[in-house]
Asks: 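Structure incoming, see below.
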Amino acid sequence: MDKEDFIIWLRSNRSIKEYSVNRYANAIPTISSEMKDYGINQTDLFETTDTMLIDKILLHPEFLKKDKKGNRMYSSALKHFKTYIEQFWDEKSKPNIVPLVEEVKSEDQITNRADLEYKEGKELLRLHKVRERDPQLIKDAKRRFKKLHGELFCEACGINFEKVYGERGKDFIEGHHKKPVSEMKEGETTKVEDIGMLCSNCHRMIHRIPMVSIEELKKSLRMKWV
(Lines give C-alpha, C1' and ligand atoms only; values in the text may rest on other atoms or scores of the structure.)
Protein backbone atom coordinates (compact mmCIF):
# COMPACT_ATOMS: atom_id res chain seq x y z
CA MET A 1 0.00 0.00 0.00
CA ASP A 2 1.14 3.53 -0.69
CA LYS A 3 -0.20 7.04 -1.18
CA GLU A 4 -0.91 6.56 -4.89
CA ASP A 5 -2.90 3.39 -4.22
CA PHE A 6 -4.91 5.23 -1.58
CA ILE A 7 -5.67 8.06 -4.02
CA ILE A 8 -6.89 5.58 -6.64
CA TRP A 9 -9.06 3.85 -4.03
CA LEU A 10 -10.57 7.15 -2.86
CA ARG A 11 -11.47 8.12 -6.41
CA SER A 12 -13.02 4.73 -7.11
CA ASN A 13 -14.79 4.07 -3.82
CA ARG A 14 -15.70 7.42 -2.32
CA SER A 15 -18.01 10.12 -3.71
CA ILE A 16 -15.78 13.05 -2.78
CA LYS A 17 -14.31 15.97 -4.70
CA GLU A 18 -10.79 15.81 -6.12
CA TYR A 19 -9.75 18.54 -3.70
CA SER A 20 -10.75 16.32 -0.77
CA VAL A 21 -9.06 13.27 -2.32
CA ASN A 22 -5.72 15.07 -2.29
CA ARG A 23 -6.26 16.49 1.20
CA TYR A 24 -7.04 13.04 2.65
CA ALA A 25 -4.12 11.42 0.84
CA ASN A 26 -1.70 14.08 2.08
CA ALA A 27 -3.08 13.83 5.61
CA ILE A 28 -1.91 10.22 6.06
CA PRO A 29 1.87 10.96 5.73
CA THR A 30 1.39 14.00 7.98
CA ILE A 31 -0.24 11.87 10.68
CA SER A 32 2.47 9.23 10.20
CA SER A 33 5.17 11.79 11.00
CA GLU A 34 3.38 12.67 14.26
CA MET A 35 2.62 9.17 15.58
CA LYS A 36 5.28 9.35 18.28
CA ASP A 37 3.21 12.16 19.78
CA TYR A 38 0.41 9.62 20.10
CA GLY A 39 2.60 7.00 21.80
CA ILE A 40 3.05 4.88 18.65
CA ASN A 41 6.48 3.74 17.48
CA GLN A 42 5.48 2.90 13.91
CA THR A 43 6.35 5.68 11.47
CA ASP A 44 4.39 4.88 8.29
CA LEU A 45 0.65 4.26 8.29
CA PHE A 46 0.84 2.94 4.72
CA GLU A 47 2.66 -0.09 6.13
CA THR A 48 0.15 -0.99 8.82
CA THR A 49 -2.42 -3.79 8.65
CA ASP A 50 -3.80 -3.10 12.11
CA THR A 51 -7.00 -1.04 12.09
CA MET A 52 -6.90 -0.86 15.89
CA LEU A 53 -3.90 1.42 15.42
CA ILE A 54 -6.19 3.84 13.58
CA ASP A 55 -8.70 3.70 16.44
CA LYS A 56 -5.91 4.44 18.93
CA ILE A 57 -4.93 7.57 17.01
CA LEU A 58 -8.53 8.73 16.63
CA LEU A 59 -9.03 8.58 20.41
CA HIS A 60 -5.73 10.17 21.45
CA PRO A 61 -6.16 13.58 23.16
CA GLU A 62 -3.32 15.20 21.18
CA PHE A 63 -4.82 14.03 17.90
CA LEU A 64 -8.26 15.27 18.92
CA LYS A 65 -6.79 18.75 19.48
CA LYS A 66 -5.14 18.72 16.05
CA ASP A 67 -8.28 17.36 14.43
CA LYS A 68 -10.46 20.08 15.97
CA LYS A 69 -8.18 22.79 14.59
CA GLY A 70 -8.31 21.13 11.17
CA ASN A 71 -12.14 21.05 11.11
CA ARG A 72 -12.19 17.23 11.47
CA MET A 73 -10.34 16.75 8.19
CA TYR A 74 -7.71 14.48 9.78
CA SER A 75 -10.25 12.19 11.43
CA SER A 76 -12.19 11.97 8.15
CA ALA A 77 -9.00 10.99 6.34
CA LEU A 78 -8.23 8.30 8.93
CA LYS A 79 -11.74 6.85 8.77
CA HIS A 80 -11.50 6.54 4.99
CA PHE A 81 -8.03 5.05 5.40
CA LYS A 82 -9.31 2.49 7.92
CA THR A 83 -11.93 1.27 5.44
CA TYR A 84 -9.24 1.18 2.74
CA ILE A 85 -7.01 -1.05 4.89
CA GLU A 86 -9.90 -3.41 5.69
CA GLN A 87 -10.82 -3.76 2.02
CA PHE A 88 -7.19 -4.08 0.88
CA TRP A 89 -6.38 -6.96 3.25
CA ASP A 90 -9.79 -8.55 2.75
CA GLU A 91 -9.05 -8.75 -0.98
CA LYS A 92 -5.57 -10.13 -0.26
CA SER A 93 -6.98 -12.90 1.91
CA LYS A 94 -9.84 -13.92 -0.38
CA PRO A 95 -9.48 -17.44 -1.80
CA ASN A 96 -9.97 -17.87 -5.52
CA ILE A 97 -13.40 -19.49 -5.40
CA VAL A 98 -15.85 -19.56 -8.29
CA PRO A 99 -19.36 -19.18 -6.83
CA LEU A 100 -22.02 -21.75 -7.63
CA VAL A 101 -24.90 -20.32 -9.62
CA GLU A 102 -28.29 -22.02 -9.50
CA GLU A 103 -29.48 -20.61 -12.80
CA VAL A 104 -27.29 -19.21 -15.56
CA LYS A 105 -28.88 -17.29 -18.38
CA SER A 106 -27.65 -17.82 -21.90
CA GLU A 107 -24.64 -15.79 -23.01
CA ASP A 108 -26.73 -13.92 -25.57
CA GLN A 109 -29.26 -12.90 -22.91
CA ILE A 110 -26.49 -11.27 -20.90
CA THR A 111 -24.06 -9.82 -23.45
CA ASN A 112 -26.76 -8.29 -25.67
CA ARG A 113 -28.20 -6.17 -22.84
CA ALA A 114 -26.62 -2.80 -22.15
CA ASP A 115 -29.08 -1.81 -19.43
CA LEU A 116 -27.94 -4.24 -16.75
CA GLU A 117 -27.31 -2.48 -13.44
CA TYR A 118 -25.88 -3.75 -10.15
CA LYS A 119 -26.13 -2.23 -6.70
CA GLU A 120 -22.73 -1.68 -5.09
CA GLY A 121 -21.08 0.59 -2.55
CA LYS A 122 -22.85 -0.53 0.61
CA GLU A 123 -20.59 0.03 3.62
CA LEU A 124 -19.93 -3.08 5.69
CA LEU A 125 -18.08 -3.57 8.96
CA ARG A 126 -15.88 -6.66 8.82
CA LEU A 127 -13.92 -8.07 11.75
CA HIS A 128 -11.24 -10.59 10.88
CA LYS A 129 -7.94 -11.82 12.22
CA VAL A 130 -4.75 -11.31 10.23
CA ARG A 131 -1.28 -12.63 10.83
CA GLU A 132 1.07 -9.80 11.76
CA ARG A 133 3.68 -8.92 9.15
CA ASP A 134 6.80 -6.86 9.79
CA PRO A 135 6.98 -4.08 7.15
CA GLN A 136 10.67 -3.50 7.90
CA LEU A 137 11.41 -7.07 6.78
CA ILE A 138 10.03 -6.35 3.29
CA LYS A 139 11.94 -3.05 3.08
CA ASP A 140 15.21 -4.75 4.02
CA ALA A 141 14.55 -7.63 1.62
CA LYS A 142 13.97 -5.19 -1.26
CA ARG A 143 17.13 -3.28 -0.34
CA ARG A 144 19.16 -6.51 -0.27
CA PHE A 145 17.73 -7.70 -3.60
CA LYS A 146 18.48 -4.37 -5.29
CA LYS A 147 22.01 -4.41 -3.94
CA LEU A 148 22.57 -7.93 -5.28
CA HIS A 149 20.97 -7.42 -8.70
CA GLY A 150 21.17 -3.68 -9.26
CA GLU A 151 17.41 -3.43 -9.82
CA LEU A 152 14.05 -4.71 -8.60
CA PHE A 153 12.28 -7.22 -10.82
CA CYS A 154 9.85 -10.11 -10.54
CA GLU A 155 11.71 -13.35 -9.96
CA ALA A 156 9.07 -15.26 -11.91
CA CYS A 157 8.23 -13.27 -15.06
CA GLY A 158 11.10 -10.79 -14.91
CA ILE A 159 9.11 -7.54 -15.17
CA ASN A 160 10.87 -4.40 -13.98
CA PHE A 161 8.15 -1.88 -13.20
CA GLU A 162 10.41 1.14 -13.65
CA LYS A 163 11.36 0.04 -17.18
CA VAL A 164 7.72 -0.52 -18.10
CA TYR A 165 5.99 2.36 -16.27
CA GLY A 166 8.80 4.86 -15.84
CA GLU A 167 9.00 6.94 -12.66
CA ARG A 168 5.59 5.65 -11.44
CA GLY A 169 6.98 2.13 -11.33
CA LYS A 170 10.26 2.98 -9.60
CA ASP A 171 11.06 0.64 -6.67
CA PHE A 172 7.66 -1.05 -6.99
CA ILE A 173 7.59 -4.79 -6.29
CA GLU A 174 5.83 -7.08 -3.81
CA GLY A 175 7.59 -9.11 -1.14
CA HIS A 176 6.57 -12.77 -1.05
CA HIS A 177 7.01 -14.96 2.02
CA LYS A 178 8.35 -18.23 0.65
CA LYS A 179 6.92 -19.86 3.74
CA PRO A 180 3.33 -18.59 4.14
CA VAL A 181 2.82 -16.42 7.21
CA SER A 182 -0.33 -18.42 7.94
CA GLU A 183 1.84 -21.51 8.51
CA MET A 184 4.24 -19.81 10.91
CA LYS A 185 4.15 -20.45 14.62
CA GLU A 186 3.99 -17.54 17.03
CA GLY A 187 7.50 -16.21 17.63
CA GLU A 188 8.94 -17.81 14.49
CA THR A 189 11.39 -15.53 12.67
CA THR A 190 11.89 -14.76 8.99
CA LYS A 191 15.16 -13.80 7.28
CA VAL A 192 15.42 -11.37 4.37
CA GLU A 193 16.54 -14.23 2.10
CA ASP A 194 13.20 -15.92 2.84
CA ILE A 195 11.42 -13.12 0.97
CA GLY A 196 11.02 -13.35 -2.80
CA MET A 197 10.35 -10.45 -5.18
CA LEU A 198 7.20 -10.78 -7.28
CA CYS A 199 4.91 -8.64 -9.41
CA SER A 200 1.28 -8.47 -8.34
CA ASN A 201 0.11 -10.96 -10.98
CA CYS A 202 2.71 -13.62 -10.21
CA HIS A 203 2.18 -13.12 -6.49
CA ARG A 204 -1.53 -13.90 -6.81
CA MET A 205 -0.87 -16.84 -9.12
CA ILE A 206 1.53 -18.37 -6.58
CA HIS A 207 -1.08 -18.11 -3.82
CA ARG A 208 -3.79 -19.85 -5.79
CA ILE A 209 -4.65 -23.28 -4.43
CA PRO A 210 -2.57 -25.40 -4.59
CA MET A 211 0.19 -22.91 -3.78
CA VAL A 212 3.42 -23.29 -5.80
CA SER A 213 6.99 -22.06 -5.41
CA ILE A 214 8.54 -19.23 -7.42
CA GLU A 215 10.55 -21.75 -9.45
CA GLU A 216 7.48 -23.85 -10.21
CA LEU A 217 5.55 -20.79 -11.39
CA LYS A 218 8.53 -19.63 -13.45
CA LYS A 219 8.64 -22.96 -15.30
CA SER A 220 4.92 -22.77 -16.10
CA LEU A 221 5.06 -19.26 -17.64
CA ARG A 222 4.21 -18.97 -21.32
CA MET A 223 5.38 -15.37 -21.56
CA LYS A 224 8.22 -13.54 -19.84
CA TRP A 225 9.30 -9.94 -19.74
CA VAL A 226 12.98 -10.83 -20.16
Side-chain angles (χ1 to χ4, degrees), residues 1-13 18 21-22 24-26 28-30 32-33 42-50 81 84-96 130-184 189-226:
M1 299 187 298
D2 57 30
K3 181 179 173 181
E4 290 302 317
D5 289 333
F6 184 43
I7 289 174
I8 293 169
W9 180 86
L10 284 169
R11 287 170 178 161
S12 303
N13 296 274
E18 186 65 21
V21 167
N22 291 322
Y24 292 155
N26 290 329
I28 301 304
T30 300
S32 294
S33 67
Q42 190 167 331
T43 57
D44 190 349
L45 279 172
F46 285 114
E47 294 180 350
T48 187
T49 63
D50 185 2
F81 189 69
Y84 165 62
I85 292 174
E86 289 170 343
Q87 290 188 6
F88 180 87
W89 287 107
D90 185 55
E91 288 296 321
K92 284 274 187 180
S93 62
K94 278 184 181 177
N96 292 282
V130 295
R131 293 277 183 170
E132 185 178 14
R133 290 167 167 82
D134 187 342
Q136 189 60 44
L137 169 65
I138 303 300
K139 281 186 175 181
D140 290 342
K142 286 182 179 181
R143 193 177 295 114
R144 173 181 178 272
F145 190 91
K146 193 170 184 179
K147 187 175 181 180
L148 287 173
H149 302 281
E151 59 181 351
L152 291 175
F153 58 86
C154 175
E155 292 184 78
C157 71
I159 186 174
N160 178 318
F161 283 92
E162 185 175 7
K163 290 180 180 178
V164 176
Y165 297 103
E167 186 65 24
R168 177 176 287 272
K170 186 177 181 181
D171 291 333
F172 182 84
I173 202 74
E174 293 188 5
H176 164 66
H177 288 75
K178 295 176 182 178
K179 179 178 180 180
V181 177
S182 60
E183 295 179 7
M184 292 183 181
T189 59
T190 304
K191 298 179 180 178
V192 288
E193 53 262 39
D194 297 327
I195 301 297
M197 298 294 116
L198 292 172
C199 70
S200 306
N201 287 342
C202 289
H203 203 175
R204 295 199 71 170
M205 288 297 102
I206 274 183
H207 280 279
R208 293 194 74 184
I209 299 173
M211 187 173 169
V212 296
S213 68
I214 293 177
E215 286 303 316
E216 287 172 321
L217 184 70
K218 190 174 182 179
K219 290 177 182 177
S220 71
L221 285 175
R222 296 187 178 184
M223 184 187 78
K224 297 183 180 181
W225 288 85
V226 292

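Just so you know, these numbers come straight off a predicted model, no measurement behind them. Side chains are part of it too, since the values below use all heavy atoms of this structure and drop only hydrogens, waters and symmetry mates.
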Asks: Ile159 and Cys199: which non-hydrogen atoms are nearest, and at how many Å?
Replies: CG2-CB, 3.6 Å
Asks: With a 4.5 Å cut-off on side-chain heavy atoms, are Thr190 and Lys179 touching?
Replies: no
Asks: For residues 146-155, please give each side-chain donor-acceptor pair under 3.5 Å, one per line with the distance, not counting sequence neighbours.
Replies:
unit_1: Lys146; atom_1: NZ; unit_2: Asp171; atom_2: OD1; d: 2.7
unit_1: Glu151; atom_1: OE1; unit_2: Asn160; atom_2: ND2; d: 2.8
unit_1: Glu151; atom_1: OE1; unit_2: Lys163; atom_2: NZ; d: 3.2
unit_1: Glu155; atom_1: OE2; unit_2: Met197; atom_2: N; d: 2.6

Asks: To the nearest 0.5 angstrom, please state how far the CG atom of Asp5 sits from the OH atom of Tyr84.
Replies: 4.5 Å
Asks: Sequence neighbours left out, what passes salt bridge (Lys or Arg N to Asp or Glu O under 4.0 Å) with Lys139? Give chain and number order.
Replies: Glu47
Asks: If you measure from NZ on Lys3 to OH on Tyr24, what distance do you get to the nearest 0.5 Å?
Replies: 15.0 Å
Asks: Which distance, rounded to the nearest 0.5 Å, do you find between the CG of Asp44 and the OG of Ser33?
Replies: 10.5 Å
Asks: Can you tell me how far apart OG (Ser32) and CG (Leu45) are? Round to the nearest 0.5 Å.
Replies: 3.5 Å
Asks: Which residues satisfy the salt bridge (Lys or Arg N to Asp or Glu O under 4.0 Å) test with Glu18, sequence neighbours excluded?
Replies: Arg11
Asks: Working to the nearest 0.5 Å, report the span between CD of Gln136 and CD1 of Ile138.
Replies: 10.5 Å
Asks: Identify the two heavy atoms, one from Lys218 and one from Ala156, that lie closest to each other, and give their separation to 0.1 Å.
Replies: CG-O, 3.5 Å
Asks: Evaluate whether atom CG of Asn201 has more than 12 neighbouring non-hydrogen atoms of other residues, nucleotides or ligands under 6.0 angstrom away.
Replies: no
Asks: Check step by step if side chain to side chain contact (heavy atoms under 4.5 Å, CB included) holds for Phe145 and Ile195.
Replies: CA-CA 9 Å; Phe145 190 91; Ile195 301 297; over 6 Å; no
Asks: Indicate the atoms forming the closest heavy-atom contact of Ser200 with Phe161, along with that distance.
Replies: N-CZ, 4.4 Å
Asks: In Å and rounded to the nearest 0.5 Å, what is the CD to CD1 distance from Glu162 to Ile173?
Replies: 11.5 Å
Asks: Under the rule for side chain to side chain donor-acceptor pair (under 3.5 Å), what residues qualify as partners of Ser213, not counting sequence neighbours?
Replies: Glu216
Asks: Step through the shown structure and confirm whether more than 12 heavy atoms of other residues, nucleotides or ligands are within 6.0 Å of NZ on Lys178.
Replies: yes
Asks: Could you list the residues that satisfy side chain to side chain contact (heavy atoms under 4.5 Å, CB included) with Val192, not counting sequence neighbours?
Replies: Leu137, Asp140, Ala141, Arg144
Asks: Can you name the salt bridge (Lys or Arg N to Asp or Glu O under 4.0 Å) partners of Glu4, sequence neighbours left out?
Replies: Arg168
Asks: Using the side chain to side chain contact (heavy atoms under 4.5 Å, CB included) rule, take Cys202 and Leu217 through it: C-alpha gap first, then chi angles, then the decisive distance, then the call.
Replies: CA-CA 8 Å; Cys202 289; Leu217 184 70; 3.8 Å; yes
Asks: Apply side chain to side chain contact (heavy atoms under 4.5 Å, CB included) to Asp194 and His177, showing your working.
Replies: CA-CA 6 Å; Asp194 297 327; His177 288 75; over 6 Å; no
Asks: Please work out which of the three classes, parallel, tilted or perpendicular, describes the rings of Phe81 and Phe46, given edges at 30° and 60°.
Replies: perpendicular
Asks: Can you say whether the rings of His176 and His207 are parallel (under 30°), tilted (30 to 60°) or perpendicular (over 60°)?
Replies: perpendicular
